[in-house]
Every structure is written in structure tokens, then in C-alpha cells.
There are 2 protein chains.
Amino acid sequence: MTTRFWCEQAWLPEGPTDAVGIDVDGDVITAVTLGAPRRGTVLPGLTLPGAVNRHSHAFHRALRGHPAEGRGSFWAWREAMYRVAAVLDPDGYRRLATAVYAEMALAGFTTVTEFHYLHRDPAGRPYADPNAMGHALVEAARCAGLRLLLLDTCYLAGGFGVAPDGVQQRFADTDVDAWATRSQALTTHDDGTRTRVGAAVHSVRAVPAAALPAVAAWAERDARALHVHLSEQPAENDACLAAHGVTPTALLDGAGCLGPRTTAVHATHLTAGDVTALARAGAHACLCPTTERDLGDGIGPAGQLADAGVSLCLGSDGQTVIDPFEEMRALEMHERLRDRVRGRFTARELIVAGTDGAALAPGGPADLVTVDTGSVRTAGARPLGVPLSASAADVRHVVVAGRTVVRDGVHHHVERPAARLAEEITALLDHRGAP
Amino acid sequence: MTTRFWCEQAWLPEGPTDAVGIDVDGDVITAVTLGAPRRGTVLPGLTLPGAVNRHSHAFHRALRGHPAEGRGSFWAWREAMYRVAAVLDPDGYRRLATAVYAEMALAGFTTVTEFHYLHRDPAGRPYADPNAMGHALVEAARCAGLRLLLLDTCYLAGGFGVAPDGVQQRFADTDVDAWATRSQALTTHDDGTRTRVGAAVHSVRAVPAAALPAVAAWAERDARALHVHLSEQPAENDACLAAHGVTPTALLDGAGCLGPRTTAVHATHLTAGDVTALARAGAHACLCPTTERDLGDGIGPAGQLADAGVSLCLGSDGQTVIDPFEEMRALEMHERLRDRVRGRFTARELIVAGTDGAALAPGGPADLVTVDTGSVRTAGARPLGVPLSASAADVRHVVVAGRTVVRDGVHHHVERPAARLAEEITALLDHRGAP
């Protein structure tokens with residue numbers, strides 16, 4: 001059955017265009033009509049392809065607005081995050097993630113890529129169903145109406161040659177074969193469209209070099225996505241060089257982990273050789289600018305990666321901010337802060353990164369995000385400049401896989417998402433005190 | 001007559017506190033009552049001191065969302081800005097600035113500091129009333145309900161030893177005495193509270209060294225504020241060194257322009273000696289982080305300035321973003337991006353900068369901004385973390401000088417501010433084509 005959406009303006013591959021009809025069948029766009037008559041579901045404002053969140057840790061949302069007093073580091077932040085990770089259970093995580101994903105939908109994300117590593121129970125034992133936490137995330141995305149790419153993360157070590165300790169035991173599998181068995185069981189959720197399952201190497205810190213080829217092989221067998229946290233902090237590079245004599249990128253490359261379905265997350269501290277290796281492999285890089293600035297990671301080499309031909313995508317990661325427009329802008333703004341040159345990325349390139357290349361074109365995903373072009377933030381902007389002016393608060397209407405998820409700024413399926421966020425986060429933090 | 005506001009939570013000097021009564025008489029807070037009964041005007045959420053915008057060029061709002069394609073520089077941006085400056089007239093500027101100031105009020109700003117340099121008509125001749133444009137800005141702030149510090153800007157040269165050219169002739173006065181005469185006439189608006197008048201040196205590029213002492217003396221005579229664009233771009237430093245053999249800060253210092261009522265705007269590219277000179281003089285520094293990243297200025301030495309004892313304040317400057325929370329966060333985030341250390345500024349220090357030290361305390365200004373603590377952005381945050389989570393879109397209620405200006409996110413006095421922005425900006429840009 002074909003559904004017609006009528007866009008006052010639509011961000012087509014050839015540029016923002018007035019009066020566009022978009023026909024949808026199932027979860028795919030079947031036709032785009034220019035100069036279309038105003039009929040079907042009317043979308044006033046500028047309709048963009050759905051934003052794709054390529055890196056999320058849903059539970060980190062609980063840390064937003066819980067600042068440490070005084071100075072800190074990535075590693076001190078990690079301790080606070082571990083305290084939240086220690087108390088989640090499958091039912092609580094389903095409820096929290098549903099609210100977090102609803103916030104993402106309201107902000108204009110239509111896909112979430114969940115880098116999921118909270119596998120075991122608080123005592124470090126497998127749940128009766130070892131994928132209990134994974135199932136909770138699948139259910140959360142379904143309730144919130146988002147497409148999900150669920151990355152089952154391999155985590156075997158607490159550092160180079162160090163066994164998982166404390167809460168890290170929740171993240172761990174016994175060995176890479178146990179991880180692969182569990183991940184394989186999770187793939188029953190994969191329908192190829194709304195829910196997909198992929199693999200992740202947590203990092204070269206957490207997966208011993210000897211185990212990397214098995215993760216890559218598992219992902220390769222069914223052409224699944226493979227993501228990896230890469231060189232977010234200089235300390236990781238230093239430790240990898242000390243342990244293996246090569247950079248994390250070179251280690252992954254040698255283990256067969258870099259290919260066209262690989263996404264390197266962060267990729268903040270790279271050598272020129274690392275950039276070349278990623279480009280040669282056809283790998284993608286997922287920057288998470290609002291998280292990288294929050295954690296003091298530094299400014300990644302987005303421009304260099306793009307110059308080398310690496311496709312860029314974006315993620316909300318630590319959820320300090322859930323706003324695809326802010327991530328897109330920050331990609332460009334951080335380049336400006338470092339290089340003092342404006343316009344490394346055009347508005348169109350920022351949208352390509354923010355939607356991971358999705359297009360409003362026949363065969364494209366039926367994922368639509370309509371932005372109010374008449375808010376105090378967007379008023380007066382050229383259509384091409386709207387993404388540089390808008391914020392999550394300007395998203396009025398969201399369609400995912402052909403179905404309306406947000407209408408007039410209200411989530412269709414999740415009632416009172418902000419109240420749910422507050423309830424779940426308060427319950428979590430009361431369990432052990434604020435992080 | 002005393003008015004009572006009741007705050008569900010209030011950001012008091014001693015920390016966020018529940019159930020606070022704030023009594024207001026005229027434009028001043030007369031009493032703060034802890035554990036107050038719920039009566040008077042109820043403000044649900046967290047009430048903060050009003051945000052103070054210490055650097056604004058209202059008409060730059062027309063440039064938001066008009067990206068240049070391709071790379072660019074500060075100086076290319078300046079050309080686009082000049083094209084807008086060329087077509088404004090007093091009546092149009094009053095209408096545009098009213099809408100821009102209404103946007104500021106909706107975002108939680110209760111004071112705007114307008115660095116006003118658009119004095120003459122498009123042909124470069126004084127208007128019949130040489131303060132026609134200044135009067136328009138006073139009227140705009142009044143209509144939008146904001147407190148105004150109007151800085152009458154001295155602009156005599158287009159660069160070191162270069163006469164004003166083209167649109168720069170709109171900014172210029174014949175000489176510093178003509179500037180002082182005009183500025184003096186403008187002071188009739190100064191009521192010491194809602195409207196104040198101060199002086200500005202546009203920059204050391206635009207005011208010859210010989211004229212600086214006269215500007216300083218004019219400001220000094222009536223203890224008026226004196227602002228100056230300082231070292232925003234390395235090119236300014238280079239040109240000043242070439243012309244005078246000293247940095248812009250040293251030049252200003254030698255001319256008597258640095259004192260406790262001086263605010264150095266941007267202060268991005270300073271030497272250690274410059275920082276010391278600003279601190280010794282008791283001068284303030286106004287950073288404009290969202291503008292400095294937009295223009296590719298670089299990351300200013302906020303931490304160094306604060307360490308030296310220089311008070312920091314914030315401005316929306318180029319209006320790419322009008323959001324005091326974004327400016328406060330960016331102050332800290334830019335430090336993190338550069339130094340890779342978290343927490344140079346605490347949440348309280350960021351609020352001090354964002355409010356220029358205003359406090360909800362007896363004798364303080366009756367300027368209140370209430371933020372929704374139950375939005376998807378702020379839900380789950382500790383009260384202390386709300387300013388790190390909120391955005392302009394979360395501002396629900398704004399009181400300026402004791403009077404309600406924004407209620408439930410709607411401006412009390414300016415109807416349809418976004419539509420007005422769109423109308424005025426479209427009219428401006430149609431006049432000469434998009435910049």
C-alpha cells in the first residue's frame with residue numbers, strides 16, 4: 001500500500017525543493033514527485049532524510065546533568081559511568097532505553113546504532129537467557145519506533161593483558177567463541193530492515209589481538225557491520241604501542257578488522273598512516289563531536305579523513321546532547337576552532353554525515369524528519385542553511401520506515417517521555433547514590 | 001509596590017534551593033525567603049538569575065542560516081555582513097532589532113549589550129538626528145522588554161592608517177570629538193537601570209592610537225562602560241605590531257583604555273603579558289564562544305584569564321546562536337577541546353559568567369529566568385546540572401526588572417517574533433540579494 005507525504009520543502013539530493021510528493025511503500029520510498037499537489041499527509045516546513053545515530057550507549061543518558069565538581073578526566077568519567085552500569089537490569093534497561101530512544105525520535109533520529117556491551121548480570125554471571133539485555137534494547141527501539149542496528153560488543157579484557165574487573169565483568173564473555181555463540185543467537189531479531197544485528201570490538205584494550213580475527217570473521221560471514229572504539233584517548237594509543245608496537249588502527253588492520261562494513265568510532269588521535277589504512281580499507285569513521293568535547297577527547301581529524309575518502313557518520317554516544325543538528329554543526333565548528341578556516345564541510349556534506357548518506361529518492365529509506373522553518377531559531381534562514389540553524393527542539397514530524405512516530409513535536413507511541421526519563425534515572429541513581 | 005514570585009527551585013548563591021519566595025520592588029529584589037509558601041506568581045521549574053548578553057550586534061541575525069558555499073575566512077564573512085549593514089535604515093533596524101531582542105528574551109537573556117556602530121545613512125552622511133539608529137535600538141529593547149546597555153562605538157578608520165571605505169562610512173564619525181558629541185546626546189536615554197549608555201572602541205584597527213585617550217576620558221567622566229573588540233584575529237595583532245610595535249592590549253593600556261569598567265571582547269589571541277595587563281587593570285573579558293567557533297577565530301584563553309583574576313562574561317555577538325546555555329557550555333567545552341581536561345569551570349562559575357555575576361539576592365536585579373526541569377533535555381539532571389543540559393527552548397518564564405516578559409514560552413509584548421524575524425530578514429536580503 002502506497003502512502004503519500006506532501007512536503008512544503010524537501011531536502012532532495014539536488015537541493016532543497018518546494019512542493020515535493022514522497023510516495024512510500026512499506027519502509028521504502030517508491031517515488032518522489034516535484035511540483036506535487038498538496039494532498040496526502042502534509043508536512044509543513046523542511047523535510048530532511050532521517051538522521052542516523054551511528055553510535056549510542058543508551059544508558060549513558062543517566063549521566064547527563066550530573067557534573068563532577070572540579071577537574072576531571074575521561075577516566076574519572078568512566079568510573080561514574082561504571083557506577084550506573086553496575087545497577088541496570090533487563091527490565092529497567094528496557095524502560096530507560098525506551099525513553100532515551102523516544103528522546104532520539106523527538107530530536108529527529110530515525111535509526112539508532114546501539115554499541116551494546118552490558119551483557120551479564122550485576123554479579124558478572126550470564127543471565128538465564130544470555131541475551132536478556134540485548135532483547136531489552138530490541139524491545140525499546142520497537143516501542144520508541146526507531147530502526148535499530150544492535151551491535152553485540154565483544155569485551156574480553158579490562159586492558160592490555162588485564163582481566164575484566166568489577167563492573168567490567170558485566171561486559172565480558174568467557175572467550176571469543178562464547179561471544180560469537182551469544183551474538184549468533186541475537187541475530188534472530190535481524191529482519192534486514194527495522195532491526196539489524198552487527199558486531200563490535202569494544203576496543204583494542206578490551207579484545208586481545210589473538211581474538212580480533214574471530215570477531216572480524218563472524219561479522220564477515222553474514223556481511224554484518226563491525227564497529228570499534230578507536231583511538232579516542234592518547235592513553236589507548238600509548239598502551240597499544242607498548243603492548244604491540246603498532247597503533248590501534250594498524251593492529252585492527254593486521255587482524256582483518258578493517259573493511260567496507262567497518263566503522264571506526266571517534267578516530268580522534270590518528271597518525272597519517274592510520275588515516276590511509278582506514279581509507280584503503282573503505283572503512284567509515286563515526287565522530288561523536290558533542291561527546292568528544294564533553295569528555296575532553298580532543299578534536300578528531302574529520303577533514304583529513306574526508307580528504308582521504310573515508311565516509312563520515314555521526315553519533316550521540318554519551319547522550320550529553322541528543323540533537324543531530326548539534327552534531328552536524330559541531331563537526332564543522334570543531335574544524336574551524338582548530339584550523340581557523342570556515343567551511344571545511346558544506347551544509348550538504350553535513351547532512352550526508354548526519355544521515356549516513358540516506359537520500360529522499362526512490363529506493364531510499366522512508367525515514368523523514370520535518371523541521372519547523374518558522375521558529376525563532378530557523379526564521380530567516382535559506383533552506384540550505386536550516387540545518388545550520390535548527391535544533392532538536394525544531395523537529396515537528398518524524399516518519400520511520402513509513403510510519404509516523406512524531407507528530408507536531410509529540411511522540412505517537414511513548415507517553416510523557418521526559419517524565420519517564422526522570423523516573424528511570426532517579427530510580428537508577430537512588431539505587432547507589434548519584435554518580 | 002512589592003510583587004512576590006514563588007520558585008519551585010531557585011539558583012541562589014548558596015546553591016539550588018527548593019521553595020523560594022522572591023520579593024521584588026521596582027526592578028530590584030528586596031527579599032529572598034527560603035521554605036516559602038506557594039503564593040504569588042508561581043514559577044514551576046528552576047529559576048536562575050537573568051542571563052546577561054554582554055556583546056550583541058543585532059543586525060548580524062540576518063546572516064544566520066546563509067552559509068557561503070566552500071571555504072572562507074573571517075574576512076570573507078565580514079564582506080557578507082557589510083552587505084547587510086549597507087541596506088539598514090532606522091525604521092527597519094528598529095523592527096529587526098525588536099524581533100532579535102524578543103528572540104533573546106525567549107532564550108533567557110534579560111539584558112542586551114549592543115555594540116552599536118551603524119551610525120550614518122547608506123550614503124555615509126549623518127542622519128538629520130545623528131543618533132537615529134541609536135534611538136531605534138533603544139526603542140527595540142523597550143518593545144522587547146530587555147534591559148539595554150547601548151555602547152556607542154567610535155569608528156574612525158578602516159584599518160591602521162586607512163580611511164573608512166564603502167559601507168564603513170556608515171560606521172564612522174568625522175573625528176573623536178564628533179563621536180563624543182553624538183554619544184553625549186545619546187546619554188539622554190540613560191536612566192541608570194533599564195537603559196544605560198556606554199562607549200566602545202570598535203578596535204585598535206578602527207580607532208587611531210591618538211584618539212584612544214579621548215574615548216577613554218569620555219567614558220571615565222561619567223563612569224560609563226567601555227568595550228573594545230580585542231585580538232579576535234591574529235591579523236589584527238600582526239597589523240598592530242607592524243603599526244605600533246606593541247600588541248593591541250598594550251596599545252589600549254598605554255592609552256588609558258583599560259580599567260575596571262573596561263570589557264575586552266573576544267580576547268582570543270593574547271600574550272601572557274596581555275593577560276596580566278587586563279588582570280592588573282581589573283578589566284573584564286567577554287567571550288562569545290558560539291561566534292568564535294562560527295568565525296573560526298580560535299579558542300580564547302578563558303582559563304588563563306580566569307586564573308589571572310579577570311572576570312568573564314559572555315555574548316551572543318554574531319547571533320548564529322541565541323542561547324545563553326549554549327554559550328555557557330561552550331565556554332567550558334572549548335577549554336576541554338583544547339586542553340583535554342574536564343571541569344575547568346564548574347556549573348556555578350558558568351552561571352556567574354552567563355549572568356555577569358547577577359545573583360538572586362536582596363539588592364540584586366529583579367531579572368528571573370525559569371527553565372523547565374522536565375523537558376526531554378533536562379529530565380534526570382541534578383539541579384546543579386540543569387544549566388549544562390538545558391537549551392533556549394527550555395526557557396518558560398522570563399521576568400525583566402520585575403515585569404513578566406515571557407510566560408509559558410510566549411513573549412508577552414512582541415507578537416509572532418519568528419514571523420517578524422522572517423519578514424524583516426527577507427525584506428533586507430531582497431533589497432540587495434542574499435549575502
Would you name the heavy atoms of [X] and [Y] that are closest together and state the gap between them?
X: G374(B); Y: A418(A); answer: O-CB, 3.0 Å
X: A422(B); Y: A379(A); answer: N-CB, 4.0 Å
X: G380(A); Y: I425(B); answer: O-CG2, 3.8 Å
X: R64(B); Y: S389(A); answer: CG-OG, 3.7 Å
X: P234(B); Y: R340(A); answer: CG-NH2, 3.2 Å

| request: Sort out for me which of S391(A), G385(A), A102(A) touches chain B most, counting heavy-atom pairs under 4.5 Å. | output: G385(A)

Is it the backbone or the side chain of [X] that comes under 4.5 Å from a heavy atom of chain A, or both, or neither?
X: R61(B); value: side chain
X: P387(B); value: neither
X: L337(B); value: both

| task | Give the member of L106(B), L295(B), V100(B), V321(B) that has the highest number of heavy-atom pairs under 4.5 Å with chain A. | result | L295(B)

| request: Could you tell me which of E424(B), E326(B), Q319(B) has the largest number of non-hydrogen atom pairs under 4.5 Å with chain A? | output: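 Among E424(B), E326(B), Q319(B), the one with the most close pairs to chain A is E326(B).
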
| Around Q304(B), counting heavy atoms of other residues, nucleotides and ligands shown, do more than 12 lie under 6.0 Å from its CD? | no

| For E415(B), does the CD atom sit with more than 12 other heavy atoms under 6.0 Å from it, leaving out its own atoms? |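 No, CD of E415(B) has 12 or fewer neighbouring heavy atoms, counting only those of other groups under 6.0 Å.
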
| side chain to side chain contact (heavy atoms under 4.5 Å, CB included) partner of R293(B), the single match among H334(A), E335(A), M333(A) |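 Among the candidates, only M333(A) passes.
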
| message | Among R329(B), E332(B), R342(B), exactly one meets side chain to side chain contact (heavy atoms under 4.5 Å, CB included) together with D294(A). Which residue is that? | response | R342(B)

| Do the non-hydrogen side-chain atoms of E292(B) and R336(A) ever get within less than 4.5 Å of each other? |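 No, every pair of side-chain atoms sits at 4.5 Å or beyond.
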
